[in-house]
Enquirer: 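Below is a structure I'd like to ask you about.
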Amino acid sequence: MDPVRPEFLPDPALSRDEMEALQYDVADAADWSDAFDFDAQEVSLDGEASLSGDRPLVAGVDQAFLDDRGVSAIVVARGDTVVERVHAVTDLEIPYIPGLLSFREGGPIVAAFEKLSCDPDLLVFDGSGRIHFRQAGLATHLGVVFDKPSVGVAKSLLCGHPTEDVDGRPEGWRAEILADDSVENADSGDPIGHAFQSRQYDTEPIINPLYVSPGHRVSVPTATTLVSQLCGGYKLPEPTRQADAYADDVKAEYR
DNA sequence: GCGACAG
DNA sequence: ATCTTGTCGC
């Protein structure tokens with residue numbers, strides 16, 4: 001897969017101001033409506049009740065690190081059948097800076113996508129999409145670069161505020177994340193994602209919710225519904241879990 | 001100055 | 001993200 005919008009590639013050599021300016025442009029180029037009609041049956045993991053051939057190809061993307069190198073792993077599956085796995089390792093040029101994650105990890109991610117020969121219908125990233133200071137988190141940025149429907153799944157909240165207390169919620173619960181003053185290109189109060197309880201025990205320990213947000217070509221409610229369909233009994237969506245495991249394997253070999 | 005901050 | 005033992009429970 002080659003970048004469809006190379007002008008938006010996350011270049012780590014840019015100045016901080018240039019990075020932020022690019023993020024505004026990325027957000028303007030992003031589409032947060034439902035361009036694709038993902039219906040429940042089509043995305044579900046177990047295909048017993050659906051037409052397996054019609055279910056979309058979903059790519060999970062995850063990163064791991066070795067010293068100053070980044071590993072990006074992509075696992076593409078249709079239902080529970082893995083179709084392709086690719087990875088790339090590149091030097092990391094800049095440190096982790098909240099809000100600029102795509103410029104740190106974009107190198108290995110783009111390199112991995114360029115090795116991908118299939119054409120996924122949906123990209124699932126570990127990190128935020130619209131839940132970001134300029135609504136241009138990792139999932140938004142790379143979704144726009146490759147012009148693919150994408151969702152961001154984060155384990156903690158970067159910015160914005162949930163409409164309700166998120167503690168100890170039952171499985172399936174969701175609450176909107178509303179933009180606050182830190183989201184520079186949104187009105188305060190705009191829904192930019194969801195807190196979503198993908199798994200919960202009857203007793204302790206209490207599991208924290210996921211923070212799901214649209215990357216590109218997906219709406220806030222659809223992003224969360226897609227993630228709920230991809231969580232096969234675990235906290236994280238299955239594509240993310242598989243990419244995570246693959247990234248660990250790759251990491252062990254480059255060591 | 002203070003607080004907050006994906007991976 | 002990463003560094004790590006033991007521990008609880010199905």
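Note on naming: letters A, B, ... go to the chains in the order of the sequence lines (proteins, then strands), and numbering restarts at 1 for each one.
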Enquirer: Round to a whole Å and report the spacing from CG of A:Leu92 to P of C:dT2.
Expert: 11 Å

Enquirer: Would you tabulate the side-chain donor-acceptor contacts of residues 119-127 of chain A under 3.5 Å, counting partners in other chains and residues two or more places apart, or write 'none'?
Expert:
unit_1   : atom_1 : unit_2   : atom_2 : d
A:Asp119 : OD1    : A:Lys148 : NZ     : 2.7
A:Asp119 : OD2    : A:Lys148 : NZ     : 3.4
A:Asp121 : OD2    : A:Leu57  : N      : 2.7
A:Asp126 : OD1    : A:Gln63  : NE2    : 3.2

Enquirer: Using a 4.0 Å heavy-atom cut-off, write out nucleotides 1-7 of chain B from 5' to 3' as B (base contacted by protein), S (sugar-phosphate only) or - (no contact).
Expert: ----BBB

Enquirer: Examine the side chains of A:Arg169 and A:Gln197 and answer whether a donor and an acceptor come within less than 3.5 Å of each other.
Expert: no

Enquirer: According to a hydrophobic-cluster definition based on side-chain heavy atoms being under 4.5 Å apart (Ile, Leu, Val, Met, Phe, Trp, Tyr only), do A:Leu101 and A:Val145 belong together?
Expert: yes

Enquirer: Quick one: do the A:Thr225 and A:Arg174 side chains pair a donor with an acceptor below 3.5 Å?
Expert: yes

Enquirer: If you take any heavy atom closer than 4.0 Å to DNA chain B, which residues from residues 244-255 of chain A end up in contact?
Expert: none

Enquirer: Suppose we screen for side chain to side chain contact (heavy atoms under 4.5 Å, CB included). Which residues come up paired with A:Asp25, at least two apart in sequence or across chains?
Expert: A:Phe8

Enquirer: Produce a footprint string for nucleotides 5-10 of chain C: one letter per nucleotide, 5' end first; B if the base is under 4.0 Å from any protein heavy atom, S if only the sugar-phosphate is, - if neither.
Expert: ------

Enquirer: Which atom names give the shortest non-hydrogen contact between A:Lys235 and A:Cys231, and what distance separates them?
Expert: O-SG, 3.7 Å

Enquirer: What are the residues of residues 161-171 of chain A, sorted by number, that bring a heavy atom to within less than 4.0 Å of DNA chain B?
Expert: none

Enquirer: For A:His216, which of A:Asp31, A:Val151, A:Val26 qualifies under side-chain contact (heavy atoms from CB on, under 4.5 Å)?
Expert: A:Asp31

Enquirer: Please work out the stems of DNA chain C from pairs that are Watson-Crick or G-U wobble with both distances under 3.5 Å, keeping only runs of three or more consecutive pairs.
Expert: none

Enquirer: Is there a donor-acceptor contact under 3.5 Å from the side chain of A:Arg78 to the main chain of A:Arg55?
Expert: yes

Enquirer: Which ring pair (Phe, Tyr, Trp, His ring centres under 6.0 Å) pairs, counting each pair once, include a residue from residues 143-183 of chain A, with sequence neighbours left out?
Expert: A:Phe113-A:Phe146

Enquirer: Enumerate, atom names and distances included, each donor-acceptor pair closer than 3.5 Å involving a side-chain atom of residues 82-92 of chain A, sequence neighbours excluded.
Expert:
unit_1  : atom_1 : unit_2   : atom_2 : d
A:Glu84 : OE1    : A:Ser117 : N      : 3.4
A:Glu84 : OE1    : A:Ser117 : OG     : 3.3
A:Glu84 : OE1    : A:Cys118 : N      : 2.9
A:Glu84 : OE2    : A:Ser117 : N      : 2.9
A:Glu84 : OE2    : A:Ser117 : OG     : 2.9
A:His87 : ND1    : A:Tyr246 : OH     : 2.9
A:His87 : NE2    : A:Tyr254 : OH     : 3.4

Enquirer: Could I get the full list of ring pair (Phe, Tyr, Trp, His ring centres under 6.0 Å) partners for A:Phe103, not counting sequence neighbours?
Expert: A:His141

Enquirer: Could you spell out the base pairing of DNA chain B as a dot-bracket line? Use Watson-Crick and G-U wobble contacts where both distances are under 3.5 Å, [ ] for crossing pairs, | for partners on a different strand.
Expert: .......

Enquirer: Taking atom OH as the centre, does A:Tyr24 end up with more than 12 heavy-atom neighbours from other residues, nucleotides or ligands that are less than 6.0 angstrom away?
Expert: yes

Enquirer: How many angstroms lie between atom CE of A:Met19 and atom CG of A:Asp11, to the nearest 0.5 angstrom?
Expert: 7.0 Å

Enquirer: Quick one: does A:Leu138's side chain get under 4.5 Å of A:Ile109's, heavy atoms only?
Expert: yes

Enquirer: Report yes if the side chains of A:Lys115 and A:Ile74 come closer than 4.5 Å at any heavy-atom pair, otherwise no.
Expert: no

Enquirer: Pairing donors with acceptors under 3.5 angstrom, does anything connect the side chains of A:Ser182 and A:Asp180?
Expert: yes

Enquirer: Applying side-chain hydrogen bond (donor to acceptor under 3.5 Å, both in side chains), can you list everything that pairs with A:Glu253, at least two apart in sequence or on another chain?
Expert: none

